[in-house]
Amino acid sequence: MHTADEERLRRWRLVLGGAADGSCGQPTGADAGMDAALAALYDSGGDGGDGGPPRQRSAGLSASAPRVARWLGDIREYFPSTVVQVMQADAIERLNLTSLLLEPEMLTAVEPDVHLVGTLLSLNRVMPDKTKDLARQVVRRVVEELERRVAQRTRAAVTGALNRATRVDRPRHADIDWDRTIRVNLKHYQPEYRTIVPERLIGYGRRNTAVQRDVVLCVDQSGSMAASVVYSGIFSAVLASMRSLRTSLVVFDTAVVDLTDQLSDPVEVLFGTQLGGGTDINRAIGYSQGLITRPRDSIFVLISDLYEGGVRAEMLRRVAAMVEAGVQVVVLLALSDEGAPAYDHENAAALAALGVPAFACTPDAFPDLMAAAIERRDLRAFAERFAGR
């Protein structure tokens, strides 16, 4: 049992590495294993603590596949899965271990998460056949977990918004929205009878199976948007499963690919993307305009960092035309847990001037955002909410 001071010293030693052996002592037991795993990733140079030059925490893990596989097993033993995911991402980024993920034995050792899925999708075109099936299994595990996380809430938020959007003033008794009816008629409260005389009834329109909204998601698949591509594919599949929506998914770099016919399987959607390459937002918006046949019943969601490689003036003109036609336009700089990446501030400001704020959105907030878009609420509140992310 460590005292508070001993625990603080222990944690500092694990953070600082071997350079702190003299002041914090050497780790023992499980701490020694944890320190070795951290040192393999973050230390290089001398061994520290023996009179030689101190180690610097900067990428010392050999890119040997067997050693990396052992290290992946070690970090899963010593650290919780959230920490394992961070360390894996650091290893891939700092040590350029991406090529090792093409080996099947490596994929069985890693902890699946959104960032790993993004990396695997970027390797899709160069991945050998012996790895592809296993990669699909890894991607499917992550997709199914994320679907469980977002599907129910998304369907509930969208269904509620569609019902509210079809509210009528002469509802059948079963369709009366009592909460709103009472609030609207509070001024007609009769104290002597202790009751409200509802001069105006508010209710929901009768539910039907007709398509009530068209949704077009247009997703930038440049390398910096990897996590957003993963979440966009999953949300698109969930929305496509709702009969009251007609959902289309378009992904783009310098070319445009329509993945709508694959939305029944989000894994196929994700493997239909091709992360990396240039960006032609104008071309993608132009294609998406052709999918919009009912402007006032349509929601267009552009997910991009707004770095335009095409014709900027034409891109802005197209957005302005959609807004004028009555399309509810939503621009997300990212759809991920990390918030907004680097983005083109000038283009974001130009869109805001058109009445279309551009902002990052977390996956947990996306269902509420879609509900707001369906009800045609002002989206600036969302922009302000995520402005500091």
Worksheet item: Got a sec, which residues hit salt bridge (Lys or Arg N to Asp or Glu O under 4.0 Å) with Arg312, two or more places apart in sequence or on another chain?
Response: Glu346
Discussion item. For residues 228-278, which residue pairs pass the ring pair (Phe, Tyr, Trp, His ring centres under 6.0 Å) check, not counting sequence neighbours?
Written reply: Phe235-Phe366
Worksheet entry | Thr154 OG1 to Gln152 CD distance, which is reported to the nearest 0.5 Å | 10.0 Å
Worksheet item: Is the shortest heavy-atom distance from the side chain of Leu245 to the side chain of Val158 under 4.5 Å?
Response: yes
Response to the item:
Here the salt bridge (charged side-chain N to carboxylate O under 4.0 Å, His left out) pairs for residues 111-123, sequence neighbours left out, are Arg76-Glu111
Worksheet, complete the sentence: Contacts satisfying ring pair (Phe, Tyr, Trp, His ring centres under 6.0 Å) that involve residues 282-334 (not counting sequence neighbours) are none
Worksheet item: Is it true that a side-chain atom of Asn347 and a backbone atom of Leu306 form a donor plus acceptor pair closer than 3.5 Å?
Response: yes
Worksheet item: Below 4.5 Å, heavy atoms only, C-beta onward: do Val142 and Leu116 meet side chain to side chain?
Response: no
Item to complete: Provide the full list of salt bridge (charged side-chain N to carboxylate O under 4.0 Å, His left out) pairs with a residue in residues 214-223, sequence neighbours left out, each pair given once.
Response: Asp214-Arg246, Asp214-Arg294
Worksheet item: So how far is it from Ile75 CD1 to Met87 CE, rounded to the nearest 0.5 Å?
Response: 5.0 Å
Worksheet item: With ILVMFWY side chains joined below 4.5 Å, transitively, what does Leu186's cluster contain besides itself?
Response: Ile182, Tyr189, Ile196
Give every donor-acceptor pair under 3.5 Å between a side-chain atom in residues 314-335 and any protein atom, sequence neighbours left out.
from, atom 1, to, atom 2, distance (Å)
Glu314, OE1, Arg317, NE, 3.2
Glu314, OE2, Arg317, NE, 3.3
Glu314, OE2, Arg317, NH2, 2.7
Arg318, NE, Asn282, OD1, 2.8
Arg318, NH1, Gln289, OE1, 2.7

Worksheet, complete the sentence: side chain to side chain donor-acceptor pair (under 3.5 Å) filter on Arg140, not counting sequence neighbours, yields Asp265
Worksheet item: Taking only residues two or more places apart in sequence, or in another chain, which ones meet Asp378 in a side chain to side chain donor-acceptor pair (under 3.5 Å)?
Response: Arg380
Worksheet item: What residues, two or more places apart in sequence or in another chain, satisfy side chain to side chain donor-acceptor pair (under 3.5 Å) together with Gln137?
Response: none
Practice prompt. Begin with the C-alpha distance, continue with both residues' side-chain angles, and end with the deciding distance and a verdict on salt bridge (charged side-chain N to carboxylate O under 4.0 Å, His left out) for Glu268 and Arg136.
Written response: CA-CA 9 Å; Glu268 290 302 315; Arg136 283 180 180 271; 2.7 Å; yes
Worksheet item: Can you list the residues that meet the salt bridge (Lys or Arg N to Asp or Glu O under 4.0 Å) rule with Asp368, with sequence neighbours excluded?
Response: Arg153
Worksheet entry | Partner residues of Arg296 under the side-chain contact (heavy atoms from CB on, under 4.5 Å) criterion, sequence neighbours left out | none
Worksheet item: Taking the side chain as C-beta and beyond, is there a heavy-atom pair between Cys218 and Ile303 under 4.5 Å?
Response: no
